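This one's a predicted model, so the numbers in the text were calculated from it and none came from an experiment.
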Amino acid sequence: MTSRLKTGLVLAGGAARGAYEAGVLSYLREEFEPAFGRALKLDILSGTSVGAIHACYLAAMNHDPQQQIRGLLAHWHAMKVEEVLRCSFGDVFRIIREALSKPAPHARDIQYGGLVDPRGLRALVGRGIPWLQIGRNLRKGHLEALAISATHVGSGNATVFVQRKDGRIPQWSDDPAYRAVATRIGPSHALASAAIPVVFPAVRVRGQLHVDGGLRLNVPISPALRLGAQRVIVVSLRTDPSARGDKAASSAREEEREQAVASAPFLVGKMLNMLMTDRTDQDLGRLRRLNAILEAGTTAYGPGFAETLSAALHPHRSQPARYIRELLVRPSRDLGELAAEYVRTPEFRKRSNGLAHRAILRLVEREAPREADMASYLLFDGGFADILIDQGRQDARARRAQWERFWSEEPQNVAEAAVMNKPDSATAA
C-alpha cells in the first residue's frame, strides 16, 4: 500500500471570472468524486485575488466537502453586480478629490484609492466565510496549510500570507521580491488579495497597504509546493492557447481589435489582462522539466538520485528536488467572449438598471464585437456566473482520464515510486 500524496489546489486571480473555478470544483466534488468511489482531500490551498477568497472559503469548509461546494455555488448564483460594485457619482468625485487634494492627517486608517465602495465586497467576504473554522480545520487535520498572495504597495513585492497548524513557515525562497508571512488569515487578507487597483481600494494589513496579488503572483503554484504539495491541481482563468481556432479566425479577431483600439474600455481590459500576468505555462514548464530530469536520473542511477540532486542544488534551492504530479484545467473558450455574449442578451438587460449595470452595458458596447475583457472582470452577476460555472464543469469533465491518473495512489513512474515508497513520504516537504 503506497502512502497518500499531499494534494495542493492552486486557484488563479481574475475577479468575476472566478466563477469558472467554482465550476471546476463542482465537477470534482459532485461528479468525479462519487464516480471515483472515495473521498478526495485537498491538503494545501493556495490562491490569489478571487482565488484567495475561494481558498479561504474552501479552507473553512474542508471538513464538509459536500456543503463546501454547495455553499460556493450558492454564493455565485446569488451574485448581483450592484451588491459588489457599489458605485455612485459621489465616488467618482471622491476619486478626483483624492487625486487633487492633500490627504487628511487621519486618512491613514481609511481605505481609499478605489472607484468602488468596498462595503459590499467586505460584507460578502465577512459574512460568507466562517473564518474561525479555518483554524479548527487545521487543528483537526482537515487541512494542512492555507496561503494567499497579495502585492505590497510600498515595495511592489509579492507577499504570501500563510496559516498552518504550528504557526510556522517552512524554508522559503531567498528572493527579496517574494516573502512569506505567518499569520492567522482573516477578511482583511482576502480583501487585500482581491483589491484590483483603481476598482477596489488598497487594504491595510498589519499597517501596510496591499493590493491585488495577481499583479505579481496570479497563479500561486510556488507557495503550494513550498508548503509540501506532492501533486497540484492548477486552475487558470486564461484561455488555452491551443483552443484559439485557425489562422483565418485569428486574423478576423485581430482586425476587430484594431477597430476597437481607440476605445478606453478596450485598452483598460487589455491592461488588466497584462497586469494579471499568468505564468502558468512557464511555471509548469519548469516543473515538467524537473520531473523529466528526476525520472531519467532515477531510471539511470537508482532511487537515491533525487536526494543526490537535492544535495548538489542545495545552495540554489530552498526545497528538495522531488517529482510533482500536476493537473491543469483552463478555459477552452475566451471568458471575455462569453461576457460579451451574455451582456448583449435580454436576460442581462432585464436584471437591473443600476449605475454599475448600465456602466457594464456601455463598456461592452464600446469594446470589440466578440470581446469584453474589462466587463468580464467586473461582471459579478449570477447569470454570467452560471455560464462560467458550466464552462468550468465542461472543461474539467473533458479531462476525466487525467483526473483518474492524478488521484491514483499508484506511482506513475520510477521517480514517483522512489518518493511514494519511502516510509516518511507522507510527511516529506
Side-chain angles (χ1 to χ4, degrees), residues 1-12 14 17-47 50-51 54-77 137 141-144 146 219 221 224 229-240 242-243 280 284 287 323-333 335 385-413 416 420 426:
M1 179 66 181
T2 56
S3 300
R4 194 186 66 82
L5 297 172
K6 291 183 183 179
T7 305
L9 174 66
V10 179
L11 299 172
R17 295 180 175 210
Y20 178 89
E21 296 174 344
V24 174
L25 293 167
S26 171
Y27 170 77
L28 171 63
R29 292 299 191 203
E30 297 182 326
E31 294 187 42
F32 180 78
E33 189 175 63
F36 198 58
R38 63 179 175 85
L40 303 173
K41 184 181 178 185
L42 301 173
D43 303 283
I44 297 161
L45 301 170
S46 178
V50 67
H54 284 163
C56 291
Y57 179 80
L58 295 173
M61 298 298 296
N62 227 29
H63 62 291
D64 188 349
Q66 295 308 308
Q67 182 56 39
Q68 182 185 59
I69 191 59
R70 284 195 295 267
L72 187 63
L73 294 176
H75 282 301
W76 278 107
H77 289 320
N137 283 343
H142 297 302
L143 177 73
E144 291 208 8
L146 168 65
V219 186
I221 299 173
Q230 294 161 298
R231 57 185 172 194
V232 288
I233 303 166
V234 181
V235 185
S236 170
L237 298 178
R238 289 295 183 90
T239 308
D240 184 347
S242 65
T280 304
L284 289 180
L287 187 153
Y323 189 93
I324 304 294
R325 199 182 296 187
E326 46 86 11
L327 171 64
L328 171 64
V329 183
R330 68 196 330 174
S332 58
R333 288 197 61 190
L335 301 188
D386 289 344
I387 293 171
L388 296 192
I389 288 168
D390 184 61
Q391 188 66 50
R393 286 197 192 104
Q394 289 182 39
D395 292 334
R397 190 181 297 123
R399 292 164 172 78
R400 173 62 186 264
Q402 296 175 41
W403 286 101
E404 291 177 347
R405 288 194 299 271
F406 179 86
W407 285 106
S408 170
E409 293 301 336
E410 296 301 321
Q412 303 294 302
N413 52 60
E416 200 171 57
M420 294 175 68

Interatomic distance, [X] atom [atom1] to [Y] atom [atom2] [nearest 0.5 angstrom]:
X      : Y      : atom1 : atom2 : value
Thr7   : Lys41  : OG1   : NZ    : 9.5 Å
Ile233 : Leu42  : CD1   : CG    : 5.5 Å
Leu11  : Leu9   : CG    : CG    : 4.0 Å
Gln67  : Leu72  : CD    : CG    : 11.0 Å
Leu327 : Glu404 : CG    : CD    : 11.5 Å
Met61  : Leu143 : CE    : CG    : 13.0 Å

[X] versus [Y], closest heavy-atom pair with distance:
X      : Y      : result
Glu410 : Gln412 : O-NE2, 3.1 Å
Asn137 : Ala59  : ND2-O, 2.8 Å
Val232 : Ala224 : CG1-CB, 4.3 Å
Gly47  : Ala55  : N-CB, 4.2 Å
Ala12  : Val219 : CB-CG2, 3.8 Å

What pairs with [X] under side-chain hydrogen bond (donor to acceptor under 3.5 Å, both in side chains), at least two apart in sequence or on another chain?
X      : value
Glu30  : Ser26
Asp386 : His77
Glu326 : Arg288
Asp43  : Arg4

Between [X] (side chain only) and [Y] (backbone N and O only), is there a donor and an acceptor less than 3.5 Å apart?
X      : Y      : result
Glu144 : Ile44  : no
Gln230 : Leu5   : no
Arg325 : Ser408 : yes

Practice prompt. Could you tell me which residues satisfy salt bridge (Lys or Arg N to Asp or Glu O under 4.0 Å) with Arg405, sequence neighbours excluded, listed by chain and number?
Written response: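 Expected list: none.
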Discussion item. If the condition is salt bridge (Lys or Arg N to Asp or Glu O under 4.0 Å), which residues does Arg231 pass it with, not counting sequence neighbours?
Written reply: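 Counting only residues at least two positions away or on another chain, Arg231 forms a salt bridge (Lys or Arg N to Asp or Glu O under 4.0 Å) with Glu409.
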Taking the side chain as C-beta and beyond, is there a heavy-atom pair between [X] and [Y] under 4.5 Å?
X      : Y      : result
Asp395 : Val24  : no
Thr239 : Arg333 : no
Ser332 : Gln391 : yes
Leu40  : Trp407 : yes

Residues which pass side-chain contact (heavy atoms from CB on, under 4.5 Å) with [X], listed by chain and number, not counting sequence neighbours:
X      : value
Asn413 : Glu295, Tyr323, Ala415, Glu416
Leu328 : Val234, Ser236, Thr280, Leu284, Arg330
Arg397 : Tyr27, Glu31, Arg393, Gln394

Item to complete: Using the six-membered ring wherever Trp is involved, compare the ring planes of Trp403 and Phe406 and label them parallel, tilted or perpendicular (cut-offs 30° and 60°).
Response: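 Aromatic pair Trp403/Phe406 classed perpendicular.
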Discussion item. Once ring-ring contact (aromatic ring centres under 6.0 Å, His included) is applied, do any residues pair with His142, and if so which ones, sequence neighbours excluded?
Written reply: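 Checked His142 against ring-ring contact (aromatic ring centres under 6.0 Å, His included); zero matches.
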Item to complete: With sequence neighbours excluded, tell me which residues meet ring-ring contact (aromatic ring centres under 6.0 Å, His included) with Tyr57.
Response: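 Testing Tyr57 for ring-ring contact (aromatic ring centres under 6.0 Å, His included), a comparison that skips the adjacent residues, returns His75.
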